[in-house]
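For reference, the structure is listed below as structure tokens.
Just so you know, ligand 1 is whichever comes first in the structure, and atom 1 is the first atom listed for that ligand.
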Amino acid sequence: MTTLGIDIGGSGVKGAPVDTERGELTAERFRVPTPKPADVDSVVDAVAEVAAKYEGYDRVGITFPGVVVDGVTRSAANVDKSWLNAPAAKLFSERLGKPVTVLNDADAAGAAEVAFGAGRDQSGLIMMLTFGTGIGSALFLDGVLIPNTEFGHLEIDGRDAELLASDRIREAEDLSWEKWAHRVQKYLRHVEMLLAPRLFIVGGGVSKKSEKFFPLLDIGTPIVAATLLNEAGIIGAAAAASRSADRAV
Ligand code: BGC
């Protein structure tokens with residue numbers, strides 16, 4: 001069975017076929033810019049454009065930057081409001097003519113890191129946090145995902161955490177690494193007080209620059225950078241699709 005993974009991000013929609021046993025892409029990734037506005041119809045078009053680059057796949061896993069329950073998108077913090085309560089899995093599946101699994105972007109990236117990357121062979125409570133356009137969270141207990149946690153929206157100093165400490169805010173407010181790390185530290189300390197995870201895995205584009213801010217963080221929990229970088233969402237989405245195919249057999 002060949003599975004395609006597609007990652008809908010704030011700036012790009014990226015996809016590739018994935019070997020879900022090994023957690024590796026089997027062909028080069030293809031990317032189109034995320035449409036602006038990122039309403040349902042335009043994003044479905046962008047996903048179809050990515051999928052059209054590949055042939056011979058049986059199923060598709062797709063990430064979405066919001067809450068996804070039973071294939072329906074239930075929140076739309078950083079995307080067009082047309083996504084509220086959209087039957088995403090059904091819409092993608094009708095367009096691509098294949099079974100589609102849709103899941104939260106941080107859940108997908110975290111699942112890939114836990115299975116194949118920085119969280120491999122780790123037990124206990126592990127937390128993936130992605131710092132990008134927003135802050136995404138994914139929680140795993142002994143490798144099992146507790147889906148749709150939205151810890152990027154915790155309130156810190158009276159503000160939604162992602163409006164204080166996402167990478168988008170670092171860029172928009174032109175914050176120094178010191179200033180931004182101070183905000184990230186405050187956020188991480190709050191999260192560790194609430195959940196006491198064994199490990200934080202940091203993903204999102206900024207995880208490539210972890211050497212710039214990890215040394216500035218004074219927190220009690222071990223913290224590592226994601227290792228699959230911009231492939232994590234694609235791999236995690238495909239893995240989820242292939243698991244739901246197994247369950248359907
Ligand atoms: C959304 C999350 C998402 C995160 C990263 C947040 O604004 O609420 O569902 O995982 O951004 O894209």
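Within ligand 1, counting atoms from 1 as listed, the ones closer than 4.0 Å to a heavy atom of Gly136 are 4 (C), 5 (C), 10 (O). Within ligand 1, counting atoms from 1 as listed, the ones closer than 4.0 Å to a heavy atom of Glu150 are 1 (C), 2 (C), 8 (O), 9 (O). Within ligand 1, counting atoms from 1 as listed, the ones closer than 4.0 Å to a heavy atom of Glu162 are 6 (C), 7 (O), 11 (O). The ligand atoms of ligand 1 that sit less than 4.0 angstrom from a heavy atom of Asn78 are 7 (O), 11 (O). Counting the atoms of ligand 1 from 1 in the order shown, those under 4.0 Å from a heavy atom of Asn104 are 2 (C), 3 (C), 9 (O), 10 (O).
A donor-acceptor pair shorter than 3.5 Å cannot be found between the side chains of Thr26 and Asp19. Counting only N and O atoms by type, the side chains of Ser242 and Thr3 include no donor and acceptor under 3.5 Å apart.
At a 4.0 Å cut-off, at least one heavy atom of Gly66 sits close enough to ligand 1 to count as contact. Ile135 counts as a contact of ligand 1, since one of its heavy atoms falls under 4.0 Å from the ligand.
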Give the table of side-chain donor-acceptor pairs shorter than 3.5 Å for residues 193-212, with sequence neighbours excluded, one pair per line with atom names and distance.
{"unit_1": "Arg198", "atom_1": "NH1", "unit_2": "Ser123", "atom_2": "O", "d": "3.4"}
{"unit_1": "Ser207", "atom_1": "OG", "unit_2": "Gly204", "atom_2": "O", "d": "2.7"}

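Between His153 and ligand 1, a contact under 3.5 Å exists for at least one N or O pair. No N or O atom of Thr130 sits closer than 3.5 Å to an N or O atom of ligand 1.
Of the heavy atoms in Ala77, only side-chain atoms (C-beta onward) come closer than 4.0 Å to ligand 1.
Look at Glu150 and Arg74 and you find no salt bridge, because none of the NZ, NE, NH1 or NH2 atoms lies under 4.0 Å from a carboxylate O.
Linking Ile, Leu, Val, Met, Phe, Trp and Tyr residues whenever their side-chain heavy atoms come within less than 4.5 Å leaves Phe140 and Val68 in two separate clusters. In terms of hydrophobic clustering, with Ile, Leu, Val, Met, Phe, Trp and Tyr side chains grouped at heavy-atom distances under 4.5 Å, Val44 and Tyr57 are assigned to a common cluster.
Around atom 3 (C) of ligand 1, the closest heavy atom drawn from Asp105, Thr149, Val79 belongs to Asp105.
Here Ala88 pairs with Thr73, Trp83, Phe92, Val102 under the side-chain contact (heavy atoms from CB on, under 4.5 Å) rule; sequence neighbours left out.
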Show your working on side chain to side chain contact (heavy atoms under 4.5 Å, CB included) between Leu129 and Leu188 and close with a plain yes or no. CA-CA 10 Å; Leu129 290 168; Leu188 294 176; 3.4 Å; yes
